[in-house]
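Below is one structure, written out as structure tokens; the observations come after it.
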Amino acid sequence: METKPNKLPVGIQTFEDIREENYIYVDKTRFLVNMIDKGKVYFFARPRRFGKSLTVSTLDAMFSGKKELFKGLYAEEFMNRADYHSSPVIRLDMSDVTTGQGLESMEKSIRKLVSTQAKKQSISISSDNPSGDMLSDLIWATSVKHSGKVVILIDEYDKPYTDFYDKPKMAEDIRGVLRDFYSRLKANDAYIRFIFITGIAKFARLGVFSALNNPKDISLSKSYGEMCGLTEDEIVNYFSEHIEE
């Protein structure tokens, strides 16, 4: 009986779904292991629909200790190291932040985003100030509960700002809110193990991470050039059956 090739992961950006539902996964985990081994704070810019969210999802699974998902992948060795340990993950998808009603709706949306992460960690936070106090409380309380440092994954960090790129006054106001919010990353450095930030705009241009200590921008690094997207060799090696069809 002829077997069908693995399913194409069109539009799938959750690593766990790809691995559990028998979709083709092009192994990019060597880049993630390299990041974790060599640094702490990274920034990575790419256009939308380029695999950034899948990269964030894969890092989430790695730090959450989902070893079964990495069988046969480059990261399997990393997950089975004697000194490997999982860490609580705070994952903020800023594309979920709504800006349709201006600053007020944005701040309300940020409160909801942080509150959802608090519920995920089964903790309560006292502040409801979206300027960053909530994020500080979330990081600290999560670290205390798990008796260890936390991992911060921020996807589409600049989405609230780019919604208003053609309205300079509103864009500047939103940038101010984001700057205050993200400044809490530096303030809570002692409780953080690893930070990975993605977006479209280069962070230096947007200026919302001015308070963050030296994030390593790997957007144009040759070492990470193939972390998102597919090379010709990868297309041929991973999708040969589909190409033949």
Side-chain angles (χ1 to χ4, degrees), residues 13-16 19 28-45 51-70 73-97 110 113-123 125 132 134-157 178 181-199 203 208-209 211-218 224 227-228:
Q13 56 187 9
T14 302
F15 177 73
E16 190 169 356
R19 296 294 286 167
K28 302 285 189 174
T29 59
R30 68 187 186 279
F31 301 108
L32 311 189
V33 172
N34 192 57
M35 276 198 298
I36 297 168
D37 283 345
K38 294 186 176 181
K40 178 177 179 178
V41 184
Y42 292 90
F43 174 80
F44 186 69
K52 300 189 303 296
S53 295
L54 177 57
T55 302
V56 169
S57 177
T58 308
L59 282 167
D60 189 347
M62 289 177 70
F63 282 112
S64 297
K66 298 180 180 180
K67 295 184 178 182
E68 70 282 357
L69 299 178
F70 294 89
L73 301 181
Y74 183 94
E76 183 177 14
E77 179 273 333
F78 169 80
M79 303 291 289
N80 289 308
R81 290 177 185 175
D83 61 348
Y84 171 82
H85 64 280
S86 62
S87 293
V89 176
I90 295 173
R91 184 172 167 184
L92 302 172
D93 185 351
M94 300 303 287
S95 67
D96 287 340
V97 174
I110 289 177
L113 185 68
V114 176
S115 296
T116 298
Q117 287 296 306
K119 290 179 181 178
K120 176 184 175 182
Q121 302 295 339
S122 300
I123 59 174
I125 51 180
M134 286 186 76
L135 182 58
S136 285
D137 285 356
L138 175 63
I139 294 170
W140 178 82
T142 302
S143 176
V144 169
K145 177 179 179 180
H146 294 276
S147 300
K149 296 184 177 184
V150 305
V151 171
I152 310 290
L153 305 176
I154 302 176
D155 199 4
E156 301 287 356
Y157 87 97
L178 292 177
F181 183 70
Y182 293 136
S183 70
R184 299 314 196 270
L185 297 176
K186 179 182 179 181
N188 290 277
D189 180 72
Y191 307 109
I192 297 174
R193 174 183 177 184
F194 184 87
I195 298 174
F196 183 71
I197 302 162
T198 80
F203 71 91
V208 298
F209 292 118
L212 190 59
N213 282 336
N214 299 319
K216 185 173 182 180
D217 185 356
I218 58 173
Y224 296 94
M227 187 165 75
C228 284

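Heavy atoms only: backbone and side chains are in, while hydrogens, waters and symmetry mates are out.
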When rounded to the nearest 0.5 Å, the distance separating CE of Met35 from CZ of Phe44 is 8.0 Å

Where does the angle between the aromatic ring planes of Tyr224 and Phe31 fall among parallel (under 30°), tilted (30 to 60°) and perpendicular (over 60°)? tilted

Can you check whether Leu113 reaches Met94 side chain to side chain, under 4.5 Å on heavy atoms? yes

Original post:
Are the side chain of Asn34 and the backbone N or O of Arg30 linked by a donor-acceptor pair below 3.5 Å?
Top reply: no

Taken to the nearest 0.5 Å, the spacing of Leu59 CG from Ser64 OG works out to 10.0 Å

**Prompt:** Counting N and O atoms only, with roles assigned by atom type, does the side chain of Lys67 sit under 3.5 Å from a partner on the main chain of Met79, one being a donor and the other an acceptor?
**Reply:** yes

Taken to the nearest 0.5 Å, the spacing of Tyr157 OH from Asp155 CG works out to 12.5 Å

Between the OG atom in Ser57 and the CD atom in Gln13, the distance rounded to the nearest 0.5 Å is 8.0 Å

ask   = Is it true that Glu156 and Lys52 have a side-chain N and a carboxylate O under 4.0 angstrom from each other?
value = yes

Requested in this report: Check whether any side-chain heavy atom of Asn188 sits under 4.5 Å from a side-chain heavy atom of Leu135, and report yes or no.
Outcome: no

Sub-4.5 Å side-chain heavy-atom contact between Ile154 and Thr198: no

When you measure from the side chain of Gln121 to the backbone of Val89, do you find a donor-acceptor pair of N or O atoms at a distance under 3.5 Å?
yes

### Query
With a 4.5 Å limit on heavy-atom distance, are the side chains of Thr58 and Lys28 in contact?
no

Please tell me if the side chains of Thr55 and Leu32 come closer than 4.5 Å, counting only heavy atoms from C-beta onward.
-> yes

I want to check something: taking the side chain as every heavy atom from C-beta on, are Arg193 and Lys40 in contact at a cut-off of under 4.5 Å? no

Verdict with supporting geometry, Val114 and Phe181, side-chain contact (heavy atoms from CB on, under 4.5 Å): CA-CA 11 Å; Val114 176; Phe181 183 70; 4.0 Å; yes

Of all heavy-atom pairs linking Ala190 and Lys149, the shortest is O-CE, 3.3 Å

When rounded to the nearest 0.5 Å, the distance separating CE of Met134 from CD1 of Ile139 is 12.0 Å

Residue pairs passing the salt bridge (Lys or Arg N to Asp or Glu O under 4.0 Å) test with at least one member in residues 80-93, sequence neighbours excluded, are Asp37-Arg81, Asp60-Arg91, Glu77-Arg81

The side chain to side chain contact (heavy atoms under 4.5 Å, CB included) partner of Ile90 among Ile195, Ile192, Val151, Leu138 is Leu138

- Report the relative orientation of the aromatic rings in Tyr42 and Phe194; use parallel for angles under 30°, tilted for 30 to 60°, perpendicular for over 60°. tilted

(Q) Ring centres under 6.0 Å, that's the criterion: do Phe15 and Phe70 meet it? (A) yes

- Thr142 vs Gln117, side-chain contact (heavy atoms from CB on, under 4.5 Å): CA-CA, chis, key distance, verdict: CA-CA 10 Å; Thr142 302; Gln117 287 296 306; over 6 Å; no

Quiz prompt | Close side-chain approach of Leu153 and Leu92, heavy atoms under 4.5 Å | solution = no

Scanning both residues in full, the closest heavy-atom pair of Lys145 with Ile123 reads CD-CG2, 3.6 Å

Under 3.5 Å donor-acceptor, Arg19 side chain and Leu69 backbone: yes

Rounded to the nearest 0.5 Å, the CD1 atom of Ile125 sits from the OG atom of Ser136 at a distance of 10.0 Å

Here the pair of heavy atoms bringing Ser143 nearest to Gly148 is OG-O, 2.9 Å

#### Entry: Validation row: Phe43, Lys216 side chains within 4.5 angstrom (heavy atoms)
no

Residue set satisfying side-chain contact (heavy atoms from CB on, under 4.5 Å) with Lys119, at least two apart, ordered chain then number -> none

Notebook entry, point to check: Is there a donor-acceptor pair under 3.5 Å between the side chain of Ser86 and the backbone N or O of Gly65?
Noted result: no

